[in-house]
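These values consider heavy atoms only, across backbone and side chains, with no hydrogens, waters or symmetry-generated copies. Along the sequence shown, residues are numbered consecutively beginning with 1.
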Amino acid sequence: FLLLVGSNPVETRIPDVHFIFDALARGASLVVIDPSFSPTAAKADAHLRIRPGTDAALALGLCRQVIEDEVWDPDFMRTYTDAPLLVRTDTGVRLREADLVAGGAADRFVAWDEAAGAPVIVGTDRLGFPAGVQPALEVARQIALADGSTVEAKPGFALVREELNRW
């Protein structure tokens, strides 16, 4: 399944468009979301002609439906996205190692390990959770900070879900 939003590779990515045609020849479906009926849309199985400027609303609606229907892949999200990274509810900023440990790095983030029941520090390049770590995606936690105070923090995915549910 190929979904192209607001792009016309038949005219703009001529050297690469053969990859799309190869996939179509192998049975892939192509859906194009674009205000104009472009040459790429002409090759699509379906063309959704949206009004200009409504693509963000469509994307948010799709996200909400994916979450509501529970067809999202939590293992993928834990491994390849920043969805498990904790966000401070008092500032809206990601929780960092420097918040938890005196002299900690400002470029290392924090997730909640469900297996250990404790925060875990992760790097910035690939999340690279150590073996056995089960990053939480949904539950708010009270986290002890280096200065002795505590702060509520939620995984980024929980905040996205809350925001989508507001509408």
Side-chain angles (χ1 to χ4, degrees), residues 1-96 99 106-112 114 122-129 133-141 143 151-167:
F1 177 77
L2 304 171
L3 176 64
L4 298 176
V5 181
S7 66
N8 181 16
V10 168
E11 288 184 336
T12 61
R13 298 295 306 164
I14 295 168
D16 300 326
V17 77
H18 73 89
F19 294 115
I20 293 173
F21 291 133
D22 291 347
L24 294 175
R26 290 192 307 273
S29 298
L30 174 62
V31 174
V32 174
I33 300 173
D34 198 308
S36 63
F37 188 71
S38 66
T40 303
K43 305 290 186 195
D45 297 297
H47 171 232
L48 178 59
R49 187 176 193 147
I50 60 171
R51 286 189 328 224
T54 62
D55 50 335
L58 175 65
L60 288 170
L62 290 171
C63 289
R64 184 166 193 247
Q65 196 63 50
V66 164
I67 291 171
E68 188 175 295
D69 291 348
E70 296 186 11
V71 293
W72 51 282
D73 184 348
D75 292 331
F76 179 89
M77 291 177 68
R78 286 182 178 102
T79 305
Y80 297 108
T81 74
D82 59 359
L85 298 183
L86 294 175
V87 177
R88 296 175 59 141
T89 58
D90 62 338
T91 63
V93 175
R94 285 188 180 149
L95 193 63
R96 299 168 187 272
D99 295 326
D107 64 346
R108 292 177 50 94
F109 300 105
V110 181
W112 185 265
E114 291 178 329
V122 296
T124 56
D125 45 351
R126 266 278 182 230
L127 293 182
F129 291 107
V133 171
Q134 297 173 352
L137 291 174
E138 305 249 14
V139 180
R141 308 284 182 193
I143 307 291
V151 67
E152 181 184 60
K154 294 181 180 182
F157 179 71
L159 295 171
V160 169
R161 181 187 287 261
E162 287 174 12
E163 188 64 25
L164 291 172
N165 285 337
R166 286 180 12 151
W167 307 102

Quick one: does [X]'s side chain have a donor or acceptor within less than 3.5 Å of a partner on [Y]'s backbone?
| X | Y | answer |
| --- | --- | --- |
| D45 | L30 | yes |
| S7 | L4 | no |
| R49 | P35 | yes |
| N165 | E162 | no |

Shortest non-hydrogen contact from [X] toward [Y]:
| X | Y | result |
| --- | --- | --- |
| P15 | H18 | O-CD2, 3.2 Å |
| M77 | P84 | O-CD, 3.7 Å |
| V10 | P39 | CG1-CB, 3.8 Å |

Check whether any side-chain heavy atom of [X] lies under 4.5 Å from a side-chain heavy atom of [Y], and answer yes or no.
| X | Y | result |
| --- | --- | --- |
| I20 | L2 | yes |
| D99 | V151 | no |
| L95 | I143 | yes |
| I67 | R64 | no |

What distance separates [X] [atom1] from [Y] [atom2], expressed to the nearest 0.5 Å?
| X | Y | atom1 | atom2 | answer |
| --- | --- | --- | --- | --- |
| R108 | R96 | CZ | CZ | 12.5 Å |
| T81 | W72 | OG1 | CH2 | 10.0 Å |
| E114 | E138 | CD | CD | 9.0 Å |
| D55 | I50 | CG | CD1 | 5.0 Å |
| I33 | L48 | CD1 | CG | 5.0 Å |

Criterion side chain to side chain contact (heavy atoms under 4.5 Å, CB included) on V133 and V122, from CA distance to verdict
CA-CA 11 Å; V133 171; V122 296; over 6 Å; no
Qualifying residues under side chain to side chain donor-acceptor pair (under 3.5 Å), relative to R88, sequence neighbours excluded:
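D90.
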Report the residues that fulfil salt bridge (charged side-chain N to carboxylate O under 4.0 Å, His left out) with D69, sequence neighbours left out, ordered by chain and then residue number.
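None.
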If the condition is ring pair (Phe, Tyr, Trp, His ring centres under 6.0 Å), which residues does F37 pass it with, not counting sequence neighbours?
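Checked F37 against ring pair (Phe, Tyr, Trp, His ring centres under 6.0 Å); matches are H47.
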So which of V139, V160, V87, L86 actually passes side-chain contact (heavy atoms from CB on, under 4.5 Å) with P155?
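Going through the options one by one, the only one that passes is L86.
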